Amino acid sequence: MEESDMLDSVAMTTKPRRDLPKAGGTLAMGIISIPFALNLIGIVLAIMALSRSGKALNDYRNNPLLYTESSYKKMKAARICGIVSLSLLGTAILVLLAMTAGN
């Protein structure tokens with residue numbers, strides 16, 4: 001097999017990597033959910049960010065050569081932001097319960 005034929009066959013079998021679907025939007029939802037953590041909007045955005053990032057991270061783990069690493073990092077950051085937002089909400093609820101129980 002000639003070298004040019006070999007290069008052509010390699011070029012035909014490798015697909016260009018693409019971003020995970022909705023990586024930027026999911027990251028934006030995760031970031032926006034943090035300042036609105038004590039609001040219904042923040043809760044909804046955090047849950048959506050966690051849900052979408054979970055699905056996308058599973059897709060990446062199943063086929064990592066198909067997606068870019070930067071979009072994987074965006075999804076991980078979106079997941080962390082969603083977790084932080086829900087943790088802030090949980091902490092606020094615990095503080096509120098502690099304050100009402102003390103009275």
Side-chain angles (χ1 to χ4, degrees):
M1 187 178 215
E2 286 184 28
E3 186 177 332
S4 63
D5 291 339
M6 183 185 234
L7 290 175
D8 288 340
S9 66
V10 169
M12 289 174 23
T13 58
T14 58
K15 295 179 182 177
R17 289 184 170 196
R18 60 181 185 203
D19 285 342
L20 284 163
K22 302 175 185 173
T26 306
L27 178 59
M29 282 191 284
I31 292 171
I32 293 170
S33 72
I34 293 174
F36 294 105
L38 302 179
N39 195 339
L40 181 63
I41 295 170
I43 297 167
V44 170
L45 289 175
I47 290 171
M48 287 177 63
L50 282 173
S51 174
R52 284 187 179 184
S53 66
K55 291 176 187 175
L57 292 175
N58 192 25
D59 289 344
Y60 184 85
R61 287 185 195 113
N62 289 336
N63 201 351
L65 298 177
L66 192 59
Y67 302 108
T68 61
E69 187 176 353
S70 65
S71 65
Y72 175 71
K73 289 180 180 179
K74 286 180 187 177
M75 285 297 187
K76 282 177 50 177
R79 186 170 189 81
I80 291 169
C81 288
I83 291 170
V84 166
S85 179
L86 291 176
S87 297
L88 287 172
L89 174 67
T91 303
I93 290 172
L94 289 176
V95 167
L96 183 64
L97 289 174
M99 289 175 56
T100 57
N103 289 333

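Nothing here was measured: the structure is a model prediction, and the numbers come from that model.
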Anything under 3.5 Å between a donor and an acceptor, one on a side chain of residues 87-95, the other on a protein residue two or more places apart or in another chain? List them.
from: S87; atom 1: OG; to: I83; atom 2: O; distance (Å): 2.8
from: T91; atom 1: OG1; to: S87; atom 2: O; distance (Å): 2.8

**Asked** Which ring pair (Phe, Tyr, Trp, His ring centres under 6.0 Å) pairs, counting each pair once, include a residue from residues 74-103, with sequence neighbours left out?
**Response** none
**Prompt:** If you look at every heavy atom in A23 and M75, which pair is closest and at what distance?
**Reply:** CA-CE, 3.4 Å
**Asked** With sequence neighbours left out, which residue pairs that include part of residues 47-63 fulfil the salt bridge (Lys or Arg N to Asp or Glu O under 4.0 Å) condition?
**Response** none
**Request:** Spell out, as yes or no, whether a donor-acceptor pair under 3.5 Å connects the side chain of N62 to the backbone of N58.
**Result:** yes
**Message:** I'd like to know if the side chain of S51 reaches the main chain of I47, judged simply by a donor and an acceptor atom lying under 3.5 Å from each other, with no hydrogens or angles considered.
**Reply:** no
**Euclidean distance, I43 CD1 relative to N39 CG, rounded to 0.5 Å** = 7.5 Å
**Message:** Grouping I, L, V, M, F, W and Y whenever their side-chain heavy atoms are under 4.5 Å apart, do I80 and L86 come out in a common cluster?
**Reply:** no
**Item:** K76: partners by salt bridge (charged side-chain N to carboxylate O under 4.0 Å, His left out), with sequence neighbours left out
**Value:** none
**Message:** Going by ring pair (Phe, Tyr, Trp, His ring centres under 6.0 Å), name the pairs with one or both residues in residues 72-101, residues two or more places apart or in two chains.
**Reply:** Y60-Y72
**Item:** Members besides V44 in its Ile/Leu/Val/Met/Phe/Trp/Tyr cluster (side-chain heavy atoms under 4.5 Å)
**Value:** M29, I32, F36, L40, I41, L45, M48
**Item:** A78 backbone acceptor or donor facing S53 side chain under 3.5 Å
**Value:** no
**Prompt:** Which pairs, with at least one residue in residues 81-103 and sequence neighbours excluded, count as a ring pair (Phe, Tyr, Trp, His ring centres under 6.0 Å)?
**Reply:** none
**Complete:** When rounded to the nearest 0.5 Å, the distance separating OG of S85 from CG of L50 is 8.5 Å
**Asked** Hey, what do you get for OH (Y67) to CG (L57), rounding to the nearest 0.5 Å?
**Response** 11.5 Å
**Message:** By the side chain to side chain donor-acceptor pair (under 3.5 Å) test, which pairs, at least two apart or in different chains, include something from residues 16-28?
**Reply:** D19-T68
**Asked** Is I31 isolated, or which residues cluster with it under the ILVMFWY side-chain rule of less than 4.5 Å, directly or via members?
**Response** L27
**Prompt:** Which atom pair, heavy atoms only, marks the closest approach of S33 to C81?
**Reply:** OG-O, 4.0 Å
